[in-house]
Each structure stands twice: as C-alpha cells, then as structure tokens.
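Down below is the structure, laid out as structure tokens.
Starting from 1, each residue takes its place in the sequence as its number. These numbers come from a predicted model, not from an experiment.
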Amino acid sequence: MAELSDTLFYTALGLYVLAMTVYFFAMAFTRVTLDGVLSPTRAGSRAGRVATVLTVAGVCVHAGSSILRGLETSRIPLGNMFEYSSIIALLAVAGGLVVLQARLGHTHLMGFVLAAAALMMGAGWLLFVPAGPLVPALESYWFNIHVTAMVGSAAIFLLAFLATALYLARDTAERRVATRSGAGYRAGTVGAAHVELAERTAEDATITSPLELRRVLSPLWFVVVPGVLLALYGSDGGVRGAVGGAVIGGGLGASAWYAIPHLPAAAELDTLAYRITAFAMPIYTFGVICGAIWAEEAWGRYWGWDPKETGAFFTWVLYAAYLHARATYGWRGRRAAWIGVAAYVGLLVTYFAVNLVVVGLHSYAT
C-alpha cells in the first residue's frame with residue numbers, strides 16, 4: 001500500500017507539470033482585446049479543457065496517494081515534512097480549481113498554482129521518508145488539530161502569495177504604461193491611478209493595447225531572478241541539480257512575463273490577495289493557539305520561544321501587519337503587498353529552515 005501511495009504521488013506530480021504546460025499553452029492561444037477582454041481561440045479553448053481535466057485527475061490521484069499513506073500508517077498523513085509538502089500542494093491545487101478557476105474564472109492563474117504546487121512537491125520529494133508511525137512526541141490528539149490547521153493555512157497562504165507576486169508585476173506594468181501613454185490604458189488599477197500626468201490631458205490620452213503591458217517590462221529579470229533562485233535551491237543536487245533548477249526557474253519566469261496581459265487587473269489581484277490572506281489568518285491563528293495548548297500539556301509551558309515557535313510568532317505578526325496595512329487607507333497596493341511577501345518568506349523560513357537547519361523541540365518533524 002505504501003509503494004502504491006508513492007507511485008501515485010509521482011504520478012500526480014507528473015500530471016500537475018503536464019497540466020501546467022497545457023494551461024500556459026492555452027494562454028498563448030488566448031487573444032487580449034483592446035479593452036483587456038480575454039478571448040480564447042478554438043485551440044486555446046480545447047487546451048483549457050484538457051488542462052482542467054488533467055488537473056482534476058492529478059488532484060484525484062494525489063488524494064488517493066495521501067489516503068493510502070494514511071491507511072498504511074493508521075494516522076493522518078502529516079507526520080513529517082514530506083507529508084506536509086504533499087498536503088500543502090494538494091490543498092493549494094484543489095483550492096485553486098474551486099476558487100480561482102471555477103468560482104472567479106481566473107483560469108490563467110492555474111498554471112502558476114500548479115507550478116508552485118510542483119515546486120512544493122519537489123521539495124517534499126527531496127525530504128522523502130518511508131511511511132511509518134509517528135514519533136512518540138507527536139502522539140496526541142492535539143497533533144490532528146494543530147498540524148492540520150497549520151498545514152491548511154499554509155496552503156491558503158501559498159495562493160495569497162501567488163496573487164501578491166503577480167499583482168506586483170502587473171501593477172509595475174500598468175504604472176509604466178499609464179506614464180508613457182498618458183493614462184490611455186483603461187483597465188482598473190491601483191498604482192496607475194495615481195500616476196501624475198504633467199502635460200497631457202484625458203483628451204490627449206490614447207487607448208493603449210494591453211499587450212503593451214508586456215513590452216514595458218524587461219523579460220531578462222523575469223528569467224534571471226527565478227533562474228538563479230532555483231539554481232541555488234537545486235545546487236544541493238550538484239551541477240545537474242543547479243542547471244535543472246536554473247532551466248525550470250527561467251522557464252517559469254518567462255511564462256510569468258508572457259502572462260502579464262492575460263492576468264486580472266492589478267486592483268483585482270490586490271483584492272484577491274487580501275481576501276485570501278484574511279481567510280487564512282484565523283485558521284493560522286487557531287493553529288498557533290492549539291500548538292500553545294499542546295505545548296503546555298507536553299512540556300509544561302504554553303510558550304517557550306523555541307525556534308519554531310519564534311518563527312511562527314513573527315510570521316503571525318507580519319501577516320497581521322499586512323492585514324492592518326491593507327485595510328488602512330493609504331497603505332493599499334504595493335507597500336502592503338511587500339509586507340505580504342515578507343510574511344510568506346517568514347512562513348517558508350519557519351517551515352523549512354527552522355526544521356532543517358536550527359535544532360529545536362520541533363526538529364523531529366523532518
């Protein structure tokens with residue numbers, strides 16, 4: 001049963017990568033009208049349907065893998081970092097399908113959701129451990145409550161981070177187009193609405209094609225930055241890992257650059273990131289509180305500033321600052337978005353670095 005679970009995990013990873021590729025293919029065959037309306041060609045429509053089928057199949061296979069692992073170990077499959085990463089990816093893809101694509105119609109965001117899920121599963125793959133029982137320190141009913149809430153909120157925060165990162169790219173493009181064309185670009189926006197037009201008037205402004213949003217951004221940075229980051233990440237696997245990471249990162253960055261005109265307007269992405277974060281925050285807070293209660297039962301104190309607890313606290317503070325800044329007039333848009341990026345970096349550091357690098361009471365999670 002454990003061997004079948006592992007096979008299904010790798011099958012789901014393959015389906016996600018294939019679906020991601022088809023989603024990007026569908027985007028390439030989708031026209032953007034002068035008013036920013038997306039109009040898929042026949043090939044784009046067919047590719048979109050195929051991508052959806054592949055993603056649904058991947059979610060089903062992935063869920064089967066997690067269920068079999070849970071049955072094999074007689075517990076919920078959240079006992080180590082491999083299982084955390086797998087469930088975060090599964091929940092993020094399922095949430096993206098239901099909320100971003102089916103509910104909000106943002107089909108072109110799914111390619112990026114699948115890319116993030118594949119990277120998360122790849123990280124889990126590197127930390128793979130065979131199916132087995134829990135270490136004695138985790139044997140408590142609080143394990144099911146605390147870890148489920150933390151992993152569930154991490155999956156939702158992943159979607160919020162994607163929306164924030166894409167917002168920053170789209171907002172930069174909208175500002176530059178508004179500056180060059182005299183606010184001729186008419187899509188709803190946050191930053192471009194505040195661009196000061198020194199000499200041109202609204203009558204002078206011309207309608208600018210949304211494709212200009214791509215031309216005003218250099219593709220070089222989109223390729224180099226993620227390429228370098230993933231090359232560093234893959235360098236643990238030697239030269240082959242570094243080259244593979246660079247190719248994957250560069251390809252994803254190039255896809256993000258190409259997708260700029262196809263993305264929702266910056267204002268919509270900003271609102272989307274805020275709402276997703278606002279939904280995840282109570283779940284994360286609940287998870288932290290449950291962890292404190294469990295710590296009191298296990299170690300005789302609610303809070304001890306263990307590295308994991310310290311990271312979780314600062315991550316909570318950053319997300320609280322983001323929500324406060326975003327809800328306060330004058331802090332909407334880019335400044336709040338950068339706080340959201342910092343909060344997600346804090347979440348990743350708490351999740352990966354504290355478990356793998358720093359020795360603490362939570363080190364058994366590896």
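Residue pairs meeting the salt bridge (charged side-chain N to carboxylate O under 4.0 Å, His left out) criterion with at least one partner in residues 121-134, sequence neighbours excluded, are absent. Applying the ring-ring contact (aromatic ring centres under 6.0 Å, His included) rule to pairs touching residues 267-287 yields F157-Y284, sequence neighbours excluded. The list of side-chain hydrogen bond (donor to acceptor under 3.5 Å, both in side chains) pairs with a residue in residues 213-226, not counting sequence neighbours, reads E212-R215. The stretch residues 249-258 participates, sequence neighbours left out, in no side-chain hydrogen bond (donor to acceptor under 3.5 Å, both in side chains) pair at all. Listed by first and then second residue, the side-chain hydrogen bond (donor to acceptor under 3.5 Å, both in side chains) pairs involving residues 54-66 are S5-S65, Y16-H62, H62-S86 (not counting sequence neighbours). Pairs engaging residues 83-93 under the salt bridge (charged side-chain N to carboxylate O under 4.0 Å, His left out) rule: R69-E83, R75-E83 [sequence neighbours left out].
For S153, there are no side chain to side chain donor-acceptor pair (under 3.5 Å) partners at least two apart in sequence or on another chain. Partners of F25 under the ring pair (Phe, Tyr, Trp, His ring centres under 6.0 Å) rule, at least two apart in sequence or in another chain, are F29. With sequence neighbours excluded, the residues that form a side chain to side chain donor-acceptor pair (under 3.5 Å) with W316 are T285. For W142, the side chain to side chain donor-acceptor pair (under 3.5 Å) partners two or more places apart in sequence, or in a different chain, are E297.
By the 4.5 Å side-chain criterion applied to Ile, Leu, Val, Met, Phe, Trp and Tyr, L318 is assigned to no cluster and stands alone. Alongside I67, the hydrophobic cluster contains M1, L4, L8, L15, L18, V22, V50, L54, V61, L68, L71 (criterion: ILVMFWY side chains under 4.5 Å).
Here the CZ-CE distance, from F352 to M81, works out to 5.0 Å after rounding to the nearest 0.5 Å. Note that the CE atom of M281 and the OG1 atom of T277 stand 9.5 Å from one another [nearest 0.5 Å].
Residues F82 and F9 bring their aromatic ring centres within 6.0 Å.
For the residue pair P264 and L269, the shortest heavy atom distance occurs at O-CD1, 3.5 Å.
Within a 6.0 Å radius of CD in E296, more than 12 heavy atoms belonging to other residues, nucleotides or ligands are found. In F128, the CZ atom is crowded: over 12 heavy atoms of neighbouring residues, nucleotides or ligands sit closer than 6.0 Å.
One N or O on the side chain of H262 and one on the backbone of M27 form a donor-acceptor pair closer than 3.5 Å.
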